[in-house]
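Take a look at the structure below.
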Amino acid sequence: MGKTKLKPMEDVNSEVVDEVEKAEEVEEQRNDREQEEEQKEEEAPKSFEELGLDSRLIRALTKKGIEKPTLIQQSAIPYILEGKDVVARAKTGSGKTLAYLLPLLQKLFSADSVSKKKLAPSAFILVPSRELCQQVYTEVSSLIELCRVQLKAVQLTSSMSASDMRNALAGLPEILVSTPACIPKCFAAGVLEPTAVSESLSILVLDEADLLLSYGYEDNLRSVTSIIPRRCQCLLMSATTSSDVEKLKKLILHNPIVLTLTEDNDKEEAVPSNVQQFWISCSAQDKLLHILALLKLEVVQKKILIFINTIDMGFRLKLFLEKFGIKSAILNGELPQNSRLHILEQFNAGLFDYLIATDDNSQTKKQKEEAKGEANKENKKNNKHSKPKLDAEFGVVRGIDFKKVHTVINFDMPQSVTGYIHRIGRTGRAYSSGSSVSLISPDEMEGFEDIKSFLASDKNKDIDIITPFPLLTENAVESLRYRAEDVAKSVTKIAVRESRAQDLRNEIINSEKLKAHFEANPRDLDLLRHDKPLSKTAPAPHLKDIPEYLVDAKTQEASKMVKLARAAMGNTRRSGGGGGRNNKNKKRSRKGSDPLKTFNPNGSKRGAVGQKDGKDSSSTKKQKTV
Ligand SMILES: Nc1ncnc2c1ncn2[C@@H]1O[C@H](COP(=O)(O)OP(=O)(O)OP(=O)(O)O)[C@@H](O)[C@H]1O
């Protein structure tokens, strides 16, 4: 009789584990496919009522001017209300925050959660940056206030002292908005008990999930996940896809519903279709001249967000624009947290039109880790002359909801396609429209081509999604060259260095004032202005006002149209922030009056300054008048 050879027990065990994992993976893939198919079928738009939302939330939304759900809200809300784990990927500005906040609040409305005060919050919302923390906290707090329910939300960040954290948690909040780094800090300081969290936590949200790992939060997340109870519902929201999202999904979620509202093979969908993208070709030295032409000749719509890759360049640009009477504010990771939040609030409230932002793109992962390490070191007293530290939890681009930004300008190009998508996504949010203009120097051309080919759809390979900017003629640019070059020379490295140091000193002082002020008047925005001139001398009148004879007729016309469009959009006066209650008619008139929308790229390509050969459009009669 043949003897059956028995396998060693460990082999059998590992085979069984492999089989189970395989089966789970197959099940998961089937689930993913089913959900994606179901999602395609459900194309008929639904109202918030039909999604099953509580009437208090619907009333709150109406007060905010929000009437119909966006696609991701239509897809995600019912699943989240059902208690399912959800992974949601939808483009920038598509309304992901409300997609999870609304059902999360509704679940916490239930008498059970409200009446039984627990020793730790029932919901954790973890985001990658302090700016986002503030933004989500503001949104959730305003919903709670408008709904008039007895719920409490708090935000905690790593920079808070243990006693501040303890005070914040003392009122037994139901919702905690924080960064992943802060949670282990709370455990270590004894302000949160892991066992209490295990008992209380019923919903965990990881917002901007694609960034959490790249911001170096992996270890923090692991220590949080180790205490998440199995029954806890987990939600993962992101705008772009990455292996990090997959990793998080495996680490935290159980058989989730996957909602993908951007298709991998439809890349242009990654950027909202209501953002028109343009580019201008110029040398690196001529970027100052071109941005001056764009702003001074008013051929782009305000409010404008300008992205720069280095802090020094940001100050150089601010000083340069100042000489021409253009006031702007600066935002970067070197500024104190309170100042940053205040700058964002003022910009959102419409107190100034131009914001120069150095985004996190200029920091590599390594730099971020270094910044984090630095931030953790204590006792820097004898380190007086060290460079100012960048905040490891600073993130200005990802997820920040800049209100009513009509134009994004890439003064410097971002270093990745994802960076580009996130920057451009700061305009055209939800149902609004916007445009972007990228200044491309020869050195940046290769990266730009990569972005273009990534965004090109497989179906329409030959159609450029990013077209040459049509409203600026070479003549108009040249008319400003002499002045621009003269002024650019006067903005020396020393002037930049001094202004940067001065600005930082001022902001540190302001930050203290702001801290106290915000505690007493959280909504007061007018204490300090962030667009004050850096230079002590006032701009020379001949630079402030560009004489009309210098500007060619075509550019004058374009500028007039941009102003008219702005007026039609009710955007001539500094707006008071808040959500737009625009009716449909208003929206229709917007599109019709936006000169960039009525422009036909093919007809005007020859004259645009984005054209590589830089031929002047005004010299050709075929140029379409825009
Ligand atoms: N249903 C809606 N109708 C109109 N506006 C909405 C709606 N939902 C959200 N908004 C508004 O759209 C803007 C963008 O929303 P949100 O910040 O949630 O986008 P997001 O998808 O998280 O973007 P990002 O990926 O850049 O973080 C916000 O100002 C929000 O108030």
Side-chain angles (χ1 to χ4, degrees), residues 278-300 302 304-310 312-330 353-356 407 409-413 437-444 468-496 499-500 531 533-556 558-559 562 607-619:
F278 300 98
W279 68 288
I280 292 176
S281 165
C282 64
S283 68
Q285 297 94 297
D286 275 359
K287 285 194 173 190
L288 285 173
L289 165 67
H290 279 80
I291 198 161
L292 175 69
L294 287 171
L295 306 190
K296 198 72 198 170
L297 303 176
E298 300 195 57
V299 287
V300 279
K302 298 176 212 171
I304 299 175
L305 186 56
I306 304 164
F307 284 109
I308 305 277
N309 287 352
T310 64
D312 270 351
M313 192 61 223
F315 278 93
R316 187 162 153 74
L317 178 60
K318 179 174 161 75
L319 284 165
F320 172 80
L321 293 176
E322 225 171 83
K323 305 267 183 199
F324 293 92
I326 301 171
K327 284 198 205 168
S328 60
I330 283 205
D353 286 324
Y354 307 106
L355 182 61
I356 301 172
T407 310
I409 297 180
N410 282 315
F411 183 91
D412 292 321
M413 282 304 275
V437 185
S438 298
L439 303 182
I440 316 282
S441 65
D443 281 359
E444 292 167 321
F469 184 73
L471 300 180
L472 195 61
T473 65
E474 204 63 21
N475 273 353
V477 174
E478 288 309 316
S479 69
L480 296 174
R481 180 176 290 280
Y482 173 73
R483 284 153 201 253
E485 287 182 349
D486 208 31
V487 169
K489 262 187 246 152
S490 74
V491 185
T492 59
K493 275 191 183 154
I494 296 175
V496 168
S499 302
R500 180 172 168 179
D531 60 342
L534 291 170
S535 155
K536 287 186 185 80
T537 49
H542 74 288
L543 294 178
K544 207 170 160 201
D545 306 308
I546 302 293
E548 228 172 65
Y549 68 82
L550 273 184
V551 186
D552 64 28
K554 206 170 287 294
T555 309
Q556 282 188 28
S559 162
V562 171
V609 284
Q611 194 180 14
K612 272 188 202 156
D613 61 9
K615 289 240 173 72
D616 183 1
S617 59
S618 59
S619 62

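Quick note: residue numbers are just sequence positions, from 1.
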Does the [X] side chain pair with the main chain of [Y], one donor and one acceptor, at a distance under 3.5 Å?
X: Lys318; Y: Ile356; value: no
X: Asp412; Y: Phe307; value: no
X: Arg316; Y: Val496; value: no

State, with a plain yes or no, whether a side-chain heavy atom of [X] is found less than 4.5 Å away from one of [Y].
X: Ile326; Y: Leu292; result: yes
X: Ser438; Y: Phe278; result: no
X: Leu321; Y: Tyr354; result: no
X: Phe324; Y: Leu480; result: no
X: Arg481; Y: Asp286; result: yes
X: Thr407; Y: Leu294; result: no
X: Met313; Y: Leu288; result: yes
X: Glu485; Y: Leu289; result: no

Atom [atom1] in [X], atom [atom2] in [Y]: separation rounded to 0.5 Å?
X: Leu317; Y: Ile308; atom1: CG; atom2: CD1; result: 4.5 Å
X: Ser328; Y: Leu305; atom1: OG; atom2: CG; result: 11.5 Å
X: Phe469; Y: Ile280; atom1: CZ; atom2: CD1; result: 6.0 Å

Start with the C-alpha gap between Val437 and Leu472, add the side-chain angles, then the distance that decides, and say whether side-chain contact (heavy atoms from CB on, under 4.5 Å) holds. CA-CA 11 Å; Val437 185; Leu472 195 61; over 6 Å; no

Heavy-atom closest pair, residues [X] and [Y]:
X: Phe320; Y: Val487; result: CD1-CG1, 3.8 Å
X: Ala293; Y: Val477; result: CB-CG2, 4.2 Å
X: Met413; Y: Asn410; result: SD-CB, 3.9 Å
X: Cys282; Y: Leu439; result: SG-CB, 4.4 Å
X: Ala476; Y: Ser479; result: O-OG, 2.5 Å
X: Glu444; Y: Lys287; result: OE1-NZ, 2.6 Å

Test of understanding: with salt bridge (Lys or Arg N to Asp or Glu O under 4.0 Å), list the residues that count as partners of Asp486, not counting sequence neighbours. none

